[in-house]
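Here is the structure we will look at, set down as structure tokens.
Note on naming: letters A, B, ... go to the chains in the order of the sequence lines (proteins, then strands), and numbering restarts at 1 for each one.
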Amino acid sequence: MEEKEIRKERLKELEKLGYSPHPYFYPAEDAVSDIVKNFRGAKEEELEKLKIKVSTAGRILTIRRMGKATFLHITDGKEKLQIFLRENTLGKEKYSHFKHFNTGDWIGVKGLIFKTKTGELTVLAEDFTLLAKSLLPLPEKWHGLQDVEVRFRKRYLDLIVNRKTRDIFEKRARILRRIRKFLEERGFVEVETPMMHSVLGGAAAKPFVTHHNALDMDLYLRIAPELYLKRLVVGGMERVFEIGRNFRNEGISPFHNPEFTMLEFYWAYKDYNFLMDLTEELFCEIAMEVWGGLKGKYQGRDLDFTPPWKRLKFMDTLSDRSGIPVEKLWDEDFVMKKALELFPEEGTPPSTYGKALDFLFDKFVKEELFQPTFIIDFPKVLSPLAKEHRNEPRLTERFELFVAGMEVANAFSELTDPDEQKARFEDQVRRKEEGAEVDLDYIEALSYGLPPTAGEGVGIDRTVMIFTDSPNIREVILFPLLRKK
RNA sequence: GAGCCGUUAGCUCAGCAGGCAGAGCACCGGCCUUUUAAGCCGGGAGUCGCAGGUUCGAAUCCUGCACGGCUCACCA
């Protein structure tokens, strides 16, 4: 008989004995992790004197049957707690019911807290009941679930047997909470803007296309919320932020998932210099929250968020690292040729000056930026939504934050001039850049006046990767996109 | 999209100079009232990713496909 059939039989037996296969509730007053937290440090004699009764519940991870006594570990997903079943406590009849339980089953337990002679915190069961039967066996108990594909497709199994997975997503939640707190303390309002866009914009990326039937209208899943958030600043919301999903119809890699989470925020009257200081503060708070300090490790290398971080100019840095003189980097033909020269045989070489510059930057600079580093003052051709640099018309007031070789944040003094913005959009369209459309509605909004504004986008998934020491973005996304099986 | 690697029991993995498909965990039966990778005895469990080919004979060699991983490409 297959395991599933055996377990169905077990369930039938339990039903005959009066157990509900799918009960409606259980008074689990004491969470496993709370019991562990509250009594882990307690003395044995102390517990014996206090006779503390608990009512708890969880999934059975392991069972050790020894005739008239049985030990099991249950978990609430965070902590493990040992349960002790004994015939002379439960009675012969009740004790015998447990033979129909298996690992993986959900169980409700009431009993007394004590410590075994090896000192492990344990609940001496006075009563137990079935909360759900697992008809399929759990993955192996000490190797856990290793198969990466199964871990992502059946994340619930990964969560049951791999404690580290639960930790990552607990940390992700804490990071998000911390970010919200940080922004709320500074007077920000959280908003939600459309995820379905009729005009593409806010980033350079290929979109997903969908269709609304009643309106008979094609829509894009947003590639960025940027243009909507700035409309809100025009509308007088001087400090707004949004945390939400963006969708980009591009390749998948250890650093890219087609849907990913971004924080974007806009602060009126500020510029990008202010944002760099603010970004240092934000990441220091996250580091304190997760690491309890400003120093940690990523993939075996020391990472230090102690401010101030290096601020390196894009063109100067690229020139330094590549050995190409700065004047040459402004020579479109030279850069295109150079990029083509260095480009691997397969694949599509950069088609525009902007892409070629970007390629050179990735090749010579990006991966070296391990410690938190701001790369500042990007060329205008790379930054269609950023304001021209106050001292150098070929540049913009823009920075990107790199940590562990990853681009984690992107920010600028926002372009506020509607005519200039229109010209930049048109220029993009002329260059046939991805995600480029002339958003006339946005130009109109700008025409009502956008005050000086600083805006920033922070990649949440990558930030979580850094603070959970995860080498792959899929480790920090509960259900990463996989091919249909 | 390209190159390389992988896919064997529910899980973790061995087996691949072509010759009866294996182990541990899990599961079932027996013994066992402080175990914790419990232990001891016995047992059941497989479309060897899928399809074709070579061969007396294929998990093993060859081809194609599917899914996954890594690297590259794409990607502010």
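- Considering only the side chain of F114(A), U34(B) comes nearest among G68(B), U34(B), C75(B).
- Sorted by first and then second residue, the salt bridge (Lys or Arg N to Asp or Glu O under 4.0 Å) pairs involving residues 86-96 of chain A (not counting sequence neighbours) are K94(A)-D127(A).
- Side chain of R64(A), nearest nucleotide from U35(B), C70(B), A26(B): U35(B).
- Between A26(B) and R7(A), no contact under 4.0 Å exists linking OP1 or OP2 to a side-chain N or O.
- In this structure K270(A) satisfies the salt bridge (Lys or Arg N to Asp or Glu O under 4.0 Å) test with no other residue, sequence neighbours excluded.
- In the region residues 393-414 of chain A, proximity to RNA chain B at under 4.0 angstrom, judged on heavy atoms, holds for R398(A), E400(A), E407(A), N410(A).
- Residue N249(A) places no side-chain N or O under 4.0 Å from the OP1 or OP2 atom of C74(B).
- A gap of 7 Å separates the C1' atoms of G10(B) and A26(B), to the nearest Å.
- Along RNA chain B, the nucleotide nearest to S383(A) and the one nearest to G119(A) differ in position, and the one closer to the 5' end is contacted by G119(A).
- Judged as a side chain to side chain contact (heavy atoms under 4.5 Å, CB included), and not counting sequence neighbours, the contacts of L478(A) are R155(A), F169(A).
- T70(A) comes within 4.0 angstrom of no nucleic acid atom, judged by non-hydrogen atoms across all strands.
- Evaluation of the side chain to side chain contact (heavy atoms under 4.5 Å, CB included) rule for R301(A) yields F370(A) as partners, not counting sequence neighbours.
- Rounded to whole Å, the separation between the P atoms of G24(B) and U35(B) comes to 24 Å.
- Distance noted for atom C1' between A37(B) and G18(B): 38 Å (whole Å).
- Annotation: A21(B) and G57(B) have their C1' atoms spaced 15 Å apart (nearest Å).
- Between K16(A) and E13(A) there is a salt bridge, with a side-chain nitrogen of the basic residue lying less than 4.0 Å from a carboxylate oxygen of the acidic one.
- With C67(B), A26(B), C70(B) as the choices, the nucleotide that has an atom nearest any side-chain atom of T103(A) turns out to be A26(B).
- With RNA chain B read from its 5' end, the first of the two nearest nucleotides for P350(A) and F84(A) is the one closest to F84(A).
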Show me the protein contacts with nucleotides 10-13 of chain B, counting only N or O atoms at under 3.5 Å.
{"unit_1": "C11(B)", "atom_1": "O2'", "unit_2": "E140(A)", "atom_2": "N", "d": "3.0"}
{"unit_1": "C11(B)", "atom_1": "O2'", "unit_2": "G144(A)", "atom_2": "O", "d": "3.2"}
{"unit_1": "U12(B)", "atom_1": "OP1", "unit_2": "Q146(A)", "atom_2": "N", "d": "2.9"}
{"unit_1": "U12(B)", "atom_1": "OP1", "unit_2": "D147(A)", "atom_2": "N", "d": "2.9"}

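- Of the candidate nucleotides C75(B), G68(B), U34(B), C75(B) has the atom nearest to the side chain of K355(A).
- Under the side chain to side chain donor-acceptor pair (under 3.5 Å) criterion, the residue pairs touching residues 30-45 of chain A are S33(A)-D76(A), with sequence neighbours excluded.
- Residue Q82(A) places a side-chain atom within donor-acceptor reach of the base of U35(B), judged by atom type and a 3.5 Å distance cut-off alone.
- Pairs engaging residues 129-138 of chain A under the side chain to side chain donor-acceptor pair (under 3.5 Å) rule: N102(A)-K133(A), D105(A)-K133(A) [sequence neighbours left out].
- The side-chain hydrogen bond (donor to acceptor under 3.5 Å, both in side chains) check on S470(A) picks up T468(A), with sequence neighbours excluded.
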Open item on the list: Between K4(A) and E2(A), is the salt bridge (charged side-chain N to carboxylate O under 4.0 Å, His left out) condition met? List the steps.
Closed with: CA-CA 5 Å; K4(A) 194 171 182 178; E2(A) 263 182 46; over 6 Å; no
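- Comparing the same atom, P, in C65(B) and in G1(B) gives a spacing of 12 Å after rounding to whole Å.
- The existence of a salt bridge linking E149(A) and R151(A) is excluded, since no basic side-chain nitrogen approaches an acidic carboxylate oxygen closer than 4.0 Å.
- Checking G10(B) for Watson-Crick or G-U wobble geometry (two distances, each under 3.5 Å) identifies C25(B) as its partner.
- Distance noted for atom C1' between A66(B) and C28(B): 35 Å (whole Å).
- Nearest to the side-chain atoms of F71(A) among the listed nucleotides U35(B), G68(B), A76(B) stands U35(B).
- Contact annotation: T62(A) does not reach the phosphate of A37(B) (side-chain N/O to OP1 or OP2, under 4.0 Å).
- Judged by Watson-Crick or G-U wobble contacts below 3.5 Å, the nucleotide U33(B) has no partner.
- A salt bridge links E397(A) and R390(A); the closest N-O separation between the charged side-chain nitrogens and carboxylate oxygens is under 4.0 Å.
- Closest to the side chain of I6(A), out of C28(B), C74(B), U35(B), is C28(B).
- Candidate nucleotides C27(B), A76(B), U35(B) were compared by shortest atom distance to the side chain of P384(A), and A76(B) ranks first.
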